[in-house]
Amino acid sequence: MPELPEVESFRRKIDPQALGSPIIDVVIKEENFLETPKDEFKKSLLNKEFESTRRRGKNIFIKFNMKYLLLHFGMSGDVQFYKNKRKEPKYSKVIFKFKQNTFLSIISIRKFGKVQLIEDYEKFIKKMKIGPDALEITLDEFKTIMEQKKRSFAKTALMDQSALSGIGNLYSDEVLFQSRIFPKTKISALNEGQIEELHINIKDILTRALTSILTHDDYPNDFFIPYRSIDKKCPVCKSKIQRLKISSRHSFYCSTCQSK
DNA sequence: CGTCCTGTTATCGG
DNA sequence: GCCGATAACAGGAC
């Protein structure tokens with residue numbers, strides 16, 4: 001589920017429902033999900049309130065009491081608010097109870113994902129090498145980063161969270177399809193126009209994906225993601241969709257539309 | 001039963 | 001050091 005647009009939609013759910021209300025209980029359903037020791041985690045959060053949120057790539061940082069709570073969702077994470085304790089979602093990992101009597105559950109079907117406390121935001125993103133956010137990055141920054149990644153495959157570079165953060169397997173396929181670039185093209189083989197087009201397409205695609213998530217609509221008609229299957233045909237030219245493995249992830253593409 | 005999977009990380013070989 | 005490939009982490013869906 002969660003790449004940048006999904007995570008941004010989580011953040012926008014959290015803002016109106018969780019900010020400014022005292023946390024009156026913290027329930028740890030799965031200790032392994034916590035990177036911070038359980039007791040310290042609970043003690044730091046209890047009776048505090050979330051003040052603001054920010055997102056960088058696939059990470060949400062919630063500010064409270066001079067610290068941050070970091071949420072990372074792995075492959076199957078979600079957030080859910082509910083009012084009735086009996087409505088506790090399956091696979092809840094951590095639950096916050098607010099004074100207004102609402103609950104916020106951090107959910108993950110699989111055990112990937114994590115929740116932890118961060119003392120210093122700048123230090124943390126440096127240490128964890130979380131690159132500039134894919135929606136925030138300027139063209140100049142993008143060009144610099146692509147220069148640094150010039151020996152990488154286009155697909156790998158787009159998914160590298162230390163280069164730019166937020167794009168995963170699905171949206172990298174989408175960006176490459178709409179940019180008509182074969183996934184295993186080396187970045188060094190792209191001309192300046194293609195780099196600029198990539199930069200524009202990244203923002204355009206992530207923004208439009210976010211809009212459809214927020215409105216609960218299907219993806220726009222020109223999106224490739226619904227065609228990510230070797231049983232499907234290219235929505236543009238009707239060629240059979242191809243698949244290849246790049247660093248053990250499947251990449252889907254159209255061999256006619258995406259030039260090598 | 002076997003296969004697949006939107007993420008990240010460690011490790012190995014080139 | 002950089003890159004790519006792979007395994008590992010888990011467990012539900014099909």
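Numbered from 1 within each chain, the chains take letters A, B, ... in sequence-line order. Model, not experiment: these values are computed from the prediction.
Nucleotides B:dT3 and C:dA7, compared at atom P, are 13 Å apart to the nearest Å.
Within a 6.0 Å sphere centred on NZ of A:Lys87, other residues, nucleotides and ligands contribute 12 heavy atoms or fewer. The number of heavy atoms from other shown groups lying within 6.0 Å of NZ (A:Lys240) is above 12.
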In residues 19-36 of chain A, what donor-acceptor pairs under 3.5 Å come from side-chain atoms, sequence neighbours left out?
{"residue": "A:Lys29", "atom": "NZ", "partner": "A:Glu88", "partner atom": "OE2", "Å": "2.9"}
{"residue": "A:Glu30", "atom": "OE2", "partner": "A:Lys111", "partner atom": "NZ", "Å": "2.9"}
{"residue": "A:Thr36", "atom": "OG1", "partner": "A:Leu117", "partner atom": "N", "Å": "2.9"}

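A tilted orientation is assigned to the rings of A:Phe41 and A:Phe96, their planes being inclined by 30° to 60°. Taking the six-membered ring where tryptophan is involved, the planes of A:Phe224 and A:Tyr227 are essentially parallel, since the angle between them stays under 30° and well short of 60°.
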note = Protein-proximity profile, nucleotides 4-14 of chain C, B/S/- by nucleotide at the 4.0 Å heavy-atom cutoff, equals SSB--BBBS--

request  = Starting at the 5' end of nucleotides 9-14 of chain B, put B wherever the base has a protein heavy atom under 4.0 Å, S where only the sugar-phosphate does, and a dash everywhere else.
outcome  = S-----

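Taking 4.0 angstrom as the limit, A:His72 places a side-chain polar atom (N or O) nearer than this to OP1 or OP2 of B:dT8.
A straight line from CG of A:Asp160 to C1' of B:dG7 spans 13 Å, rounded to a whole angstrom. Between the NE2 atom of A:His250 and the P atom of B:dG7 there is a distance of 14 Å, rounded to whole Å. Computed from coordinates, the A:Asn59 CG to B:dG7 P distance equals 12 Å when rounded to whole Å. Rounded to a whole Å, the CZ atom of A:Phe124 is 12 Å from the P atom of B:dT8.
A:Lys90 comes within 4.0 angstrom of no nucleic acid atom, judged by non-hydrogen atoms across all strands.
Of all the heavy atoms in A:Pro2 and A:Glu6, the pair that sits closest is CA-CB, 3.6 Å. Taking every heavy atom of both residues into account, A:Val79 and A:Ile107 meet most closely at C-CD1, 4.5 Å. Residues A:Ile167 and A:Glu3 come closest through the heavy atom pair C-OE1, 3.7 Å.
Cluster membership for A:Ile213 and A:Leu135, using ILVMFWY side-chain heavy atoms within less than 4.5 angstrom, is shared.
In DNA chain C, consecutive stretches of 3 or more Watson-Crick or G-U wobble pairs with both distances under 3.5 Å are given as paired ranges: B:2-5 with C:11-14, B:7-14 with C:2-9.
Contacts classified as side-chain hydrogen bond (donor to acceptor under 3.5 Å, both in side chains) and involving residues 216-226 of chain A (residues at least two apart or in different chains) are given here: A:Tyr171-A:Tyr219, A:Arg208-A:Asp222, A:Thr215-A:Asp217. Residue pairs meeting the side-chain hydrogen bond (donor to acceptor under 3.5 Å, both in side chains) criterion with at least one partner in residues 51-64 of chain A, sequence neighbours excluded, are A:Glu8-A:Arg55, A:Arg11-A:Thr53, A:Asp15-A:Thr53, A:Arg55-A:Asp133.
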